[in-house]
Trainee: 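Okay, handing you the structure first.
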Amino acid sequence: MQDTVEIFCPYCGEPNEIFIDYSGGNPQSYEEDCQICCQPWEVRVELMENQANVTVSKSNE
Ligand SMILES: [Zn+2]
């Protein structure tokens, strides 16, 4: 089971790594800022049996 998932920023399109907290409940949603352009994301994490399904969207829409 991997601890990080690569996603692409919805603002700048750059790849970022999201750290998955497997003890944080399921599903999870929280806000995080892009490591490249510092825009706020709405991050949603769904934990599957062997993987995490991560989606990010613009949090101000
Ligand atoms: Zn960005």
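Counting starts at 1 for both ligands and their atoms, following the listed order.
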Trainee: Quick one, Cys38 and Tyr11 - any side-chain contact, counting heavy atoms below 4.5 Å?
Mentor: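 Cys38 vs Tyr11: side chains apart.
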
Trainee: Let me confirm one number: the OG1-CD1 distance from Thr4 to Ile18, rounded to the nearest 0.5 Å.
Mentor: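 That separation rounds to 10.0 Å.
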
Trainee: Is Ser59 close to Trp41 at the side-chain level, that is, under 4.5 Å between some pair of heavy atoms?
Mentor: no

Trainee: Using a cut-off of 2.8 Å, find all protein N, O or S atoms closer to the Zn ion (ligand 1) than that distance.
Mentor: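 Near the Zn ion (ligand 1), below 2.8 Å, one finds Cys9 SG, Cys12 SG, Cys34 SG, Cys37 SG.
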
Trainee: Output yes when a side-chain donor or acceptor of Asn50 lies under 3.5 Å from a complementary backbone atom of Met48, and no otherwise.
Mentor: no

Trainee: Which side-chain N or O atoms in residues 28-35 pair as donor and acceptor under 3.5 Å with protein atoms at least two apart or in another chain?
Mentor:
residue, atom, partner, partner atom, Å
Gln28, NE2, Asp21, O, 2.8
Gln28, NE2, Gly25, O, 2.8
Gln35, NE2, Glu17, O, 3.3

Trainee: Distance check, rounded to the nearest 0.5 Å: Gln39 atom CD versus Cys12 atom SG?
Mentor: 8.5 Å

